Engineer: 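Below is one structure. I have some questions about it.
We number each residue from 1, following the sequence as shown. Note that the structure is predicted; figures quoted are calculated from it, not measured. Atoms within a ligand are numbered from 1 in the order they appear, just like the ligands themselves.
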Amino acid sequence: MPQVSGRYEGLGVGFAPYLQPPGEGVMRWTVGEPGFDTPNEVIETAIQGLKDGKTKYTRGAGSLELCNAVSDYIKEKHKINCPAEDIVITPGAKQGLLYSFLITTMPGDEVILLAPSWASYEPMLKFIGAIPIHVPVNKDTFHPDLDAIRNSINEKTKMILINSPCNPTGAVFTPSEIQEIVDIAKEYDLWIVSDEIYARLVWVDYPHVSPASLPGGAERTIVVNGWSKSWAMTGMRLGFLAGPTNAMKAAAKSQANSASHVPTFLMDAAKVALKCDNEVQKFNNEYLKRKDIMVKGLSKIPGLRIVEPEGAFYLFIDVTGTGMTDVEFANGALDAGVQLIPASLITGGSGFIRVSYACSEEVIIEGLERLKKWLLE
Ligand SMILES: Cc1ncc(COP(=O)(O)O)c(C=O)c1O
């Protein structure tokens, strides 16, 4: 029997083992998926697209109408100047990330990740032969350690990968931190891949700032974003890349040689979503409420060190004060009826658990009761 190539040997799949549906009645605090319905207007437009026969091949980088809409959107919301010709619509942000990694590295090149980082980055980089170099963030604030970034750069370094607002820590990097990262990238002539999938989920009083909007940033930054999180469209698999012309030509080639394009009938729906500001605001108000309930409830449990999340919909909690490892804590929580993720699965996450407050308020409240019963009674 033929063997699959060695490329898959030991290749991880992120948090996937902990994202499986748990037993009946378990409160699921694991999945980074909005607990809301996709805006109705988006659904109706997708259905209309099917009825109108938008079921055929089309422009690989996405319809020009959609690329124009994305160009306007990132200019208005994130001060990024990028023409429609330099936008590529991808099957989810994840595939966009893969293209970005292919564009910025050759096998053996090093990529700086700020640890702990999203569980999928490391296996995705290894998949294409790039070498992830984990640079720890400040453990008390989860903000980047700029000296450490500088010190980890060598002649093999090709790219710095950032994700602000951050999954799993909830940190939102300050405008000056982003500027410093741009300055470092400029000094060493590095690419920046900026995963901005949580850009609209910011709970602090300073804005999300894209490196692509800063002096010296635009020509070296590939912005990765998508519709999954802020518009509750995870299953539609819609994302986009914005970047300098040379990188976006390569992104279009990556897509031409793999996915071809995203489903034709979803392109108008994606365009409509970009105008659904009321829904985004409504979801955000809910997340804020849920965050506060979770932070307040968990703060009552001794031994948990909680850093107030600044964005996204995750809490990254140090459980070492309970005397348990993160895996022991996660197993105990599961026995108590709450599913959460032990972060020792990722580099820099040992001793922490990640919980998502994207689930419903009822699931949060019931989960808190169960954890309190387990740990306080
Ligand atoms: C940091 C980060 N980037 C990218 C993605 C993938 O998003 P998409 O559903 O658009 O592929 C996720 C999803 O959890 C994420 O947390």
Side-chain angles (χ1 to χ4, degrees), residues 12-20 28-36 38 42 62 66 70 74 87-101 111 113-125 127 132 134 137 142 160-173 192-202 208 210 222-242 251 254-255 258-259 262-263 266 269-270 273-274 287 309-316 341 343 345-349 354-359:
V13 284
F15 283 147
Y18 277 85
L19 296 176
Q20 301 307 318
R28 207 171 174 198
W29 285 8
T30 40
V31 188
E33 175 159 69
F36 302 110
T38 304
V42 174
L66 177 55
V70 169
I74 56 177
I87 306 278
V88 175
I89 312 298
T90 57
K94 206 173 202 176
Q95 186 119 349
L97 282 163
L98 188 67
Y99 297 164
S100 309
F101 300 169
V111 169
L113 302 180
L114 306 187
S117 59
W118 184 43
S120 293
Y121 294 145
E122 177 169 319
M124 285 168 77
L125 286 164
F127 198 28
H134 296 272
V137 294
F142 303 136
I160 304 176
L161 173 56
I162 62 170
N163 168 221
S164 172
C166 178
N167 172 12
T169 65
V172 177
F173 300 168
I192 299 172
V193 172
S194 181
D195 180 349
E196 305 184 9
I197 188 91
Y198 297 101
R200 298 288 295 276
L201 294 113
V202 173
H208 157 75
S210 172
I222 301 179
V223 173
V224 184
N225 203 331
W227 283 261
S228 285
K229 310 293 178 174
S230 272
W231 294 272
M233 289 165 61
T234 43
M236 293 204 184
R237 308 309 305 129
L238 286 166
F240 66 83
L241 294 177
S254 309
Q255 182 129 294
S258 55
V262 305
L266 289 181
L274 296 176
Y287 289 136
E310 297 165 339
F313 39 53
Y314 305 99
L315 270 166
F316 202 61
I341 293 178
L345 292 179
I346 50 174
T347 303
R354 191 201 75 169
V355 302
S356 160
Y357 50 88
C359 52

Engineer: Measuring only between side-chain heavy atoms, which start at C-beta, is Ser117 closer than 4.5 Å to Ile346?
Structural biologist: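 No; the side chains remain at least 4.5 Å from each other.
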Engineer: So do the side chains of Phe142 and Cys166 get within less than 4.5 Å of each other, counting heavy atoms only?
Structural biologist: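 A side-chain contact under 4.5 Å is absent here.
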Engineer: Mind checking side-chain contact (heavy atoms from CB on, under 4.5 Å) for Thr38 and listing every partner two or more places apart, or none if nothing turns up?
Structural biologist: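 Applying side-chain contact (heavy atoms from CB on, under 4.5 Å) to Thr38 gives Val42, Ile43, Met233, Met236.
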Engineer: With sequence neighbours left out, what residues match Tyr357 under side-chain hydrogen bond (donor to acceptor under 3.5 Å, both in side chains)?
Structural biologist: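 With neighbours one apart ignored, the set is Trp203.
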Engineer: For the residue pair Tyr198 and Tyr314, is the inter-centroid distance of their aromatic rings smaller than 6.0 Å?
Structural biologist: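 Yes; Tyr314 has its ring centre under 6.0 Å from that of Tyr198.
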Engineer: Are there any protein N or O atoms under 3.5 Å from the N or O atoms of ligand 1? List them with distances, or say none.
Structural biologist:
unit_1	atom_1	unit_2	atom_2	d
ligand 1	3 (N)	Asp195	OD2	2.6
ligand 1	9 (O)	Ser228	OG	2.7
ligand 1	9 (O)	Arg237	NH1	2.8
ligand 1	10 (O)	Ala93	N	2.7
ligand 1	10 (O)	Ser228	OG	3.2
ligand 1	11 (O)	Ala93	N	3.2
ligand 1	11 (O)	Lys94	N	3.0
ligand 1	11 (O)	Arg237	NH2	2.7
ligand 1	14 (O)	Lys229	NZ	2.7
ligand 1	16 (O)	Asn167	ND2	2.8
ligand 1	16 (O)	Tyr198	OH	2.7

Engineer: Quick one: list whatever passes ring-ring contact (aromatic ring centres under 6.0 Å, His included) with His208, sequence neighbours left out.
Structural biologist: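 Listed in chain order: His78.
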